[in-house]
Amino acid sequence: MSEFDFNKFMIKLYHNAMKLEEKTLKLERSVNLTINEMHLLECVKCGTKGEEGPTISAIAAEIDITRPSATVAINKLTLKKYVEKTGCANDGRSVRVKLTSKGEKAYTMHRKYHKNLVEEMKSTFSEKEMKSMVESCEKLGDFFGKKLETLAEEDDEF
């Protein structure tokens, strides 16, 4: 496989996965969210620290966006009633975010989507193929992680 063919394969894989998730999300009539908003809900749910929820700063750091961008995104989700914001008990400058019941339902639906997708994949591929695919994807993830580290180091030099 040439470098160009491999690049085309990677682009096609990425775009098909994103389009599938986007179209599936649009088919769910009870959910009025973009993919990015859904992934932001995931970050709020998974970043929950006790009852209060994660701060907007923690959310921004987790998904690698600026704090103002995270604030805008959280405000949109607040208007759509998927999350609620509260002041931080021990720091008046911080805002905590947690899912509302509507947000919990959307999150649960999204987790089910991913679980079903994985189950379908497992029924499509043999155990050996799945193992090989996981090993290859881990290597690919490590490769991209190292490239990101290198870029971050170069960025720090300037």
Tabulate below the donor-acceptor pairs under 3.5 Å that side-chain atoms of residues 71-79 make, not counting sequence neighbours, or state none.
residue, atom, partner, partner atom, Å
Thr71, OG1, Arg67, O, 3.0
Asn75, OD1, Lys85, NZ, 2.5
Asn75, ND2, Thr71, O, 3.3
Thr78, OG1, Ile74, O, 2.8

Legend entry - Closest contact, heavy atoms only, Ser123 versus Glu120: OG-O, 2.8 Å

Legend entry - Exam field: side chain Arg96 to backbone Thr86, donor-acceptor pair closer than 3.5 Å: no

Inset, instruction - Rounded to the nearest 0.5 Å, what's the gap from CG on Leu99 to NZ on Lys45? Could you check? - result: 6.0 Å

Legend entry - Atom CG of Asp64: over 12 foreign heavy atoms under 6.0 Å: no

Name the atoms and distances for all side-chain donor-acceptor pairs under 3.5 Å in residues 110-119, with sequence neighbours left out.
residue, atom, partner, partner atom, Å
His110, NE2, Glu21, OE2, 3.1
His110, NE2, His114, NE2, 3.1
His114, NE2, Glu21, OE2, 3.2
Asn116, ND2, Lys112, O, 3.4

Legend entry - For the student: nearest non-hydrogen atoms of Arg29 and Lys26, plus distance: NH1-O, 4.3 Å

Inset, instruction - Treat each ILVMFWY residue as a node, draw an edge where side-chain heavy atoms are under 4.5 Å apart, and state whether Val134 and Phe9 are in one component. - result: no

Inset, instruction - List the steps and the verdict of side-chain contact (heavy atoms from CB on, under 4.5 Å) for Glu135 and Lys139. - result: CA-CA 6 Å; Glu135 289 171 357; Lys139 281 185 179 179; 6.0 Å; no

Inset, instruction - Enter the distance from Ile35:CD1 to Glu22:CD here, rounded to the nearest 0.5 Å. - result: 4.5 Å

Legend entry - Rounded distance [0.5 Å steps], OG in Ser136 versus CD in Glu129: 11.5 Å

Inset, instruction - Mind listing the closest non-hydrogen atom pair of Ala70 and Ile56 along with its distance? - result: CB-CG2, 3.8 Å

Inset, instruction - Please answer: with hydrophobic residues joined when any side-chain heavy atoms are less than 4.5 Å apart, are Leu41 and Met18 in the same cluster? - result: yes

Legend entry - N/O donor-acceptor pair under 3.5 Å between Tyr82 side chain and Tyr107 backbone: no

Legend entry - Met130 vs Met133 side-chain heavy atoms within contact, under 4.5 Å: yes

Inset, instruction - Treating Ile, Leu, Val, Met, Phe, Trp and Tyr as nodes and any side-chain heavy-atom pair under 4.5 angstrom as an edge, say whether Leu13 and Leu140 lie in one connected cluster. - result: yes

Legend entry - Val44 to Val97 - nearest heavy-atom pair and separation: CG1-O, 3.7 Å

Inset, instruction - For residues Leu25 and Met109, determine if any side-chain heavy atom of one lies less than 4.5 Å from a side-chain heavy atom of the other. - result: yes

Legend entry - Test item: Asn32 and Lys80 side chains (from C-beta on) under 4.5 Å apart, heavy atoms: yes

Inset, instruction - Report yes if some heavy atom in the side chain of Glu62 is under 4.5 Å from a heavy atom in the side chain of Glu42; otherwise report no. - result: no

Inset, instruction - Would you kindly confirm whether Leu20 and Leu27 end up in one hydrophobic cluster when ILVMFWY residues are joined by side chain heavy atoms under 4.5 Å apart? - result: no

Inset, instruction - State plainly whether one hydrophobic cluster holds both Phe144 and Phe6, where clusters connect Ile, Leu, Val, Met, Phe, Trp and Tyr through side-chain heavy atoms under 4.5 angstrom apart. - result: yes

Legend entry - Distance in Å, Ser69 OG paired with Leu40 CG, rounded so as to fall on 0.5 Å steps: 11.0 Å

